[in-house]
Amino acid sequence: MTTRKLFLDDIRQPKDACYLVQDWAKLYFNDEWDVVKTHKEFVRWVKRNGVPTHVSFDHDLADVHYDIDFDDWDVYTAEQLGVEETGLDSAKFLVDYCENNGFDLPLYQVHSANPIGRRNIKSYLDNAKKHLGL
């Protein structure tokens, strides 16, 4: 486990999340965070640096749109087909990574302005923590 904090958001910086999650406002405003903007960057960061002490999740990450020839749809990745990877994908990766490598989940918060996405990520992490003992 690293001593760094990780912030996942395609637009905001940690200081911008102060108004979304007031109980972490001091952490967002005063502490240093590593910022990643996509699920792929999140995965790469964790694999390179280990499990952070704190993670703050956004749900809606940048949409990706491509011109696709749908006659060959099976050769494209989900990203190329316009399926957005969200903060929930990152939360699922983190749970799997912790479970497979013997780590506890870090402290986490969801700063997303999307109420359904926020609830989905928080529920997933809370359930993993409870049922997997992470």
Side-chain angles (χ1 to χ4, degrees):
M1 185 175 258
T2 182
T3 59
R4 295 158 68 180
K5 295 176 182 69
L6 186 58
F7 187 85
L8 172 65
D9 199 302
D10 60 319
I11 298 172
R12 293 179 201 89
Q13 293 295 310
K15 290 178 183 177
D16 301 328
C18 290
Y19 72 96
L20 294 166
V21 184
Q22 293 184 2
D23 57 332
W24 273 30
K26 286 183 181 179
L27 287 175
Y28 290 135
F29 195 75
N30 295 326
D31 289 1
E32 289 189 31
W33 292 79
D34 289 348
V35 178
V36 293
K37 295 177 181 259
T38 67
H39 171 67
K40 283 184 178 43
E41 288 179 16
F42 183 93
V43 169
R44 189 171 29 249
W45 190 99
V46 171
K47 287 182 175 180
R48 209 176 270 157
N49 299 292
V51 178
T53 60
H54 297 69
V55 181
S56 190
F57 292 92
D58 183 24
H59 181 271
D60 300 322
L61 306 176
D63 290 326
V64 180
H65 301 285
Y66 292 88
D67 291 326
I68 301 292
D69 178 356
F70 284 99
D71 291 332
D72 296 322
W73 68 270
D74 57 334
V75 300
Y76 293 101
T77 65
E79 182 177 291
Q80 290 168 319
L81 289 171
V83 176
E84 180 185 15
E85 292 176 310
T86 68
L88 181 58
D89 295 301
S90 298
K92 289 177 179 180
F93 164 78
L94 184 62
V95 167
D96 290 343
Y97 185 88
C98 289
E99 183 179 20
N100 293 334
N101 293 287
F103 295 110
D104 290 333
L105 278 176
L107 296 174
Y108 55 86
Q109 191 57 262
V110 185
H111 64 267
S112 179
N114 175 334
I116 295 170
R118 181 175 53 243
R119 184 179 64 232
N120 289 343
I121 295 171
K122 183 149 179 21
S123 295
Y124 187 85
L125 292 168
D126 289 348
N127 286 331
K129 187 174 181 178
K130 179 179 177 182
H131 294 292
L132 299 175
L134 300 175

Problem - Nearest non-hydrogen partners of Asp104 and Val51, listed with the distance - result: O-CG1, 4.1 Å
Handout entry: Centroid-centroid under 6.0 Å between His111 and Trp24 rings
Key = no
Handout entry: Same apolar cluster (I L V M F W Y, side chains within < 4.5 Å links), Val36/Leu88
Key = yes
Handout entry: All side-chain hydrogen bond (donor to acceptor under 3.5 Å, both in side chains) counterparts of Lys92, not counting sequence neighbours
Key = none
Practice task
Not counting sequence neighbours, list each pair that qualifies as a side chain to side chain donor-acceptor pair (under 3.5 Å) and has a residue in residues 25-35.
Solution key: Arg4-Asp34, Lys5-Asp31, Tyr28-Ser56, Asp34-Trp45
Problem - Residue pair His59 / Asn120, side-chain donor-acceptor N/O under 3.5 Å - result: no
Handout entry: Leu105 reachable from Leu107 in the ILVMFWY side-chain graph, under 4.5 Å edges
Key = no
Exercise for the section: Show your working on side-chain contact (heavy atoms from CB on, under 4.5 Å) between Val35 and Asp9 and close with a plain yes or no. Expected result: CA-CA 7 Å; Val35 178; Asp9 199 302; 5.7 Å; no
Fill in the blank from the handout: Note: Gly50 and Tyr97 closest approach over all heavy atoms is CA-OH, 4.5 Å
Exercise for the section: Take Gln109 and Asp23 through the side-chain contact (heavy atoms from CB on, under 4.5 Å) test and state the conclusion after the steps. Expected result: CA-CA 10 Å; Gln109 191 57 262; Asp23 57 332; 3.7 Å; yes
Handout entry: Ring geometry between Phe42 and Phe57 (parallel below 30°, tilted from 30 to 60°, perpendicular above 60°)
Key = tilted
Exercise for the section: Report yes if the side chains of Leu6 and Leu8 come closer than 4.5 Å at any heavy-atom pair, otherwise no. Expected result: no
Handout entry: Residue list, ring-ring contact (aromatic ring centres under 6.0 Å, His included) with Tyr19, at least two apart or on another chain
Key = none
Fill in the blank from the handout: Shortest non-hydrogen pair, Thr53 vs Pro106, comes out as O-CB, 3.5 Å
Problem - From NZ (Lys129) to OH (Tyr124), nearest 0.5 Å - result: 15.0 Å
Practice task
Sequence neighbours left out, what pairs pass salt bridge (Lys or Arg N to Asp or Glu O under 4.0 Å) with at least one residue falling in residues 47-58?
Solution key: Arg12-Asp58
Problem - Same apolar cluster (I L V M F W Y, side chains within < 4.5 Å links), Val110/Phe29 - result: no
Handout entry: Contacts of type side-chain hydrogen bond (donor to acceptor under 3.5 Å, both in side chains), residue Ser90, not counting sequence neighbours
Key = His39
Completion exercise
Between Ala113 and Pro115, the two heavy atoms sitting closest are O-CD, 3.2 Å
Problem - Inter-residue atom distance Ile121.CD1 - Asp89.CG, 0.5 Å rounding - result: 9.0 Å
Practice task
Please answer: with hydrophobic residues joined when any side-chain heavy atoms are less than 4.5 Å apart, are Tyr108 and Leu20 in the same cluster?
Solution key: no
Problem - Shared hydrophobic cluster, Leu125 / Val43 (ILVMFWY, side-chain heavy atoms < 4.5 Å) - result: yes
Practice task
Go through the structure and list residues passing side-chain hydrogen bond (donor to acceptor under 3.5 Å, both in side chains) with Arg118, not counting sequence neighbours.
Solution key: none
